[in-house]
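Predicted model only: the values in this text are computed from it and were never measured. Chain identifiers are assigned alphabetically (A, B, ...) following the order of the sequence lines, protein sequences preceding nucleic acid strands; residue numbering begins at 1 within each chain.
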Protein chains: 2
Amino acid sequence: MQGETLQPLEPSLSLPERLFVTLRGEIVEGRIPAGSKISEPELARRFNASRGSLREALMRLESLGLLERRVNVGARVVDLTERGLLDLYEVREALEGMACRLAAQHRSDEDITELWQMLGRHEQQEELQAGRAYFQPEGDFDFHFRIVQASNNDLLIDTLCNRLYYRVRMYRYQLGMPSPRAQRAFREHSHIIEAIEMGDGELAELLMRRHIRASRQNIEKKLR
Amino acid sequence: MQGETLQPLEPSLSLPERLFVTLRGEIVEGRIPAGSKISEPELARRFNASRGSLREALMRLESLGLLERRVNVGARVVDLTERGLLDLYEVREALEGMACRLAAQHRSDEDITELWQMLGRHEQQEELQAGRAYFQPEGDFDFHFRIVQASNNDLLIDTLCNRLYYRVRMYRYQLGMPSPRAQRAFREHSHIIEAIEMGDGELAELLMRRHIRASRQNIEKKLR
DNA sequence: CGCAAGGCTATTGTTGACAATTTTATGATG
DNA sequence: CATCATAAAATTGTCAACAATAGCCTTGCG
């Protein structure tokens with residue numbers, strides 16, 4: 001049995017780094033199932049890597065909150081729980097609300113232009129697949145991602161884009177997140193950008209919080 | 001030269017874990033200076049560990065945001081910047097405000113009792129060292145730590161207690177954080193607990209945000 | 001038949017050595 | 001004297017082997 005090929009990434013990255021990125025994807029998309037045990041020898045063989053390199057990647061995955069490790073026992077993929085999902089959205093509401101306010105305060109013309117262009121692309125794409133969920137692909141992610149980038153707070157950007165969003169994606173992939181009606185999500189996104197453009201941080205924060213809270217309540221309803 | 005002894009921890013923890021905890025402390029307290037380069041062979045010798053074990057610890061430190069690594073070059077301790085400090089307080093304001101609101105919503109009698117007891121100890125201690133900064137030792141941390149614990153949101157607890165607070169401590173140790181007048185901080189803490197006790201989440205959040213924002217403005221003033 | 005004790009097996013913990021790369025030192029040349 | 005090329009040294013990347021531990025399987029006893 002030949003070793004599986006790593007995700008095609010810059011080969012300039014170190015092996016542990018490529019393992020980390022690849023495994024992160026496998027976990028997020030559920031190809032390594034939530035709650036399952038990680039076998040170091042098996043994974044190392046699978047990617048033609050030594051256990052040492054693999055372990056460095058596992059350490060990073062643990063820090064990311066995607067793995068839980070116990071001494072002399074090994075690593076398991078975290079479980080997906082309703083509580084975890086609700087907690088996640090609660091934190092997102094606070095942080096992305098803040099990101100919106102900051103984006104409005106520091107609003108730069110480039111950011112505004114890019115945000116509108118992105119929304120335009122989403123609109124186009126949406127019309128194409130008429131009715132299909134605007135949320136399903138990366139469209140929604142693009143939006144939230146961009147907003148956060150515009151906040152100008154590196155810690156906030158790192159916390160959301162390099163940590164929490166992987167959890168969000170993991171829940172979406174595996175619990176099949178709710179797809180709010182495309183129309184509505186699109187209009188909400190549009191209003192948020194407007195508020196940012198006007199430099200109205202207070203309104204932008206309020207709209208984003210409401211946007212996320214609506215998703216959260218949608219989830220709560222769906223879970224009952 | 002004999003190897004330095006690791007921090008005395010549960011010996012049941014793995015070596016990389018103990019290295020991680022020890023190094024985290026060294027970096028936070030500035031014994032490994034901010035911005036300095038990490039030499040793997042040197043550190044490994046210093047703690048009588050192999051480079052492999054050390055590298056696993058370094059990976060975790062990088063994920064914590066205390067190290068920056070570049071391929072084939074090595075790791076450096078992060079720099080402390082004014083911007084980073086202000087960003088940090090901005091995020092704290094949002095997250096700890098949220099923690100307060102949740103603590104008020106889920107308020108349990110045990111939490112309230114513990115919070116008052118803790119404040120009592122702080123008062124006692126403060127009277128003892130009459131006028132000496134209440135903020136300097138771990139007093140302030142106890143308070144914020146406890147509040148967050150009472151929020152009942154595991155993700156929030158992890159983000160603040162296992163990630164951001166290490167940065168806060170690092171800045172405090174090394175930039176000599178502002179010590180707001182003990183009296184005032186104490187009174188503010190007291191009011192926050194009252195609001196939580198009354199189950200008034202809105203007020204609790206507002207007070208905590210103001211509390212942290214005051215610290216932030218204090219820092220801004222001191223930096224000019 | 002249930003259960004405890006002890007040994008076997010597979011997994012994790014840890015190490016030292018080798019390969020590849022960067023940095024430093026050296027020296028030749030304009 | 002500055003600068004560039006080259007060689008040497010040190011550092012990081014990667015691996016395979018050994019040690020220690022946990023989980024299982026068998027075996028013996030009540």
ask   = When we call it a touch if two heavy atoms are under 4.0 Å apart, what does A:Leu54 touch: a base, just sugar-phosphate, or nothing?
value =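 The answer is nothing, as A:Leu54 stays clear of every strand by at least 4.0 Å.
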key: Pairing residues for B:Thr113 by the side-chain contact (heavy atoms from CB on, under 4.5 Å) criterion, not counting sequence neighbours   =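 B:Thr113 satisfies side-chain contact (heavy atoms from CB on, under 4.5 Å) with B:Gln117 only.
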request  = Quick one: list whatever passes side-chain contact (heavy atoms from CB on, under 4.5 Å) with B:Asp154, sequence neighbours left out.
outcome  =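 side-chain contact (heavy atoms from CB on, under 4.5 Å) check on B:Asp154 returns A:Asp87, B:Ile157.
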query = For B:Asn218 and B:Ser215, does a side-chain donor sit closer than 3.5 Å to a side-chain acceptor?
reply =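 Not at all, the side chains of B:Asn218 and B:Ser215 share no donor-acceptor pair under 3.5 Å.
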Between protein and nucleic acid, restricted to nucleotides 14-16 of chain C and to nitrogen or oxygen atoms under 3.5 Å apart, what atom pairs and distances do you find?
from, atom 1, to, atom 2, distance (Å)
C:dT14, OP1, B:Leu15, N, 3.3
C:dT14, OP2, B:Leu15, N, 2.9
C:dT15, OP2, B:Ser50, N, 3.1
C:dT15, OP2, B:Ser50, OG, 3.2
C:dT15, OP2, B:Ser53, OG, 3.1

key: Within residues 57-67 of chain A: residues closer than 4.0 Å to DNA chain D (heavy atoms)   =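 Residues of residues 57-67 of chain A that come under 4.0 Å of DNA chain D do not exist, since none gets that close.
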request  = Would you jot down, in residue-number order, the residues of residues 69-78 of chain B having a non-hydrogen atom under 4.0 Å from DNA chain D?
outcome  =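 Output list: B:Arg69, B:Val71, B:Asn72, B:Val73, B:Gly74.
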key: Terminal contacting nucleotides, 5' and 3', DNA chain D versus chain B (heavy atom, 4.0 Å)   =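 The footprint of chain B covers D:dT12 to D:dT14.
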Using a strict cut-off of less than 4.0 Å between a Lys/Arg side-chain nitrogen and an Asp/Glu carboxylate oxygen, indicate whether [X] and [Y] qualify as a salt bridge.
| X | Y | result |
| --- | --- | --- |
| A:Glu93 | A:Arg216 | no |
| B:Glu56 | B:Arg60 | no |
| A:Glu68 | A:Arg76 | no |

task = For a salt bridge (charged side-chain N to carboxylate O under 4.0 Å, His left out) with A:Glu40, tell me which candidate from A:Arg45, A:Arg55, A:Arg46 qualifies.
result =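 Among the candidates, only A:Arg55 passes.
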task = Side-chain contact test, heavy atoms from C-beta onward, threshold under 4.5 Å: evaluate it for B:Leu86 versus B:Glu90 and give yes or no.
result =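 When only atoms from C-beta onward are counted, B:Glu90 and B:Leu86 do not touch, as no gap falls below 4.5 Å.
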query = Do B:Ile27 and B:Val78 touch side chain to side chain, with heavy atoms closer than 4.5 Å?
reply =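 Not touching, per the 4.5 Å side-chain cut-off.
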message = Using 0.5 Å steps for rounding, measure from the CG atom of A:Leu43 to the CG atom of A:Leu19.
response =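 Going from the CG atom of A:Leu43 to the CG atom of A:Leu19 covers 8.5 Å.
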request  = Answer yes or no: does atom CZ of A:Arg209 have more than 12 heavy-atom neighbours from other residues, nucleotides or ligands under 6.0 Å?
outcome  =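 Yes.
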ask   = Is it true that a side-chain atom of A:Glu82 and a backbone atom of A:Glu220 form a donor plus acceptor pair closer than 3.5 Å?
value =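 No, because the side chain of A:Glu82 does not come within donor-acceptor range (under 3.5 Å) of the backbone of A:Glu220.
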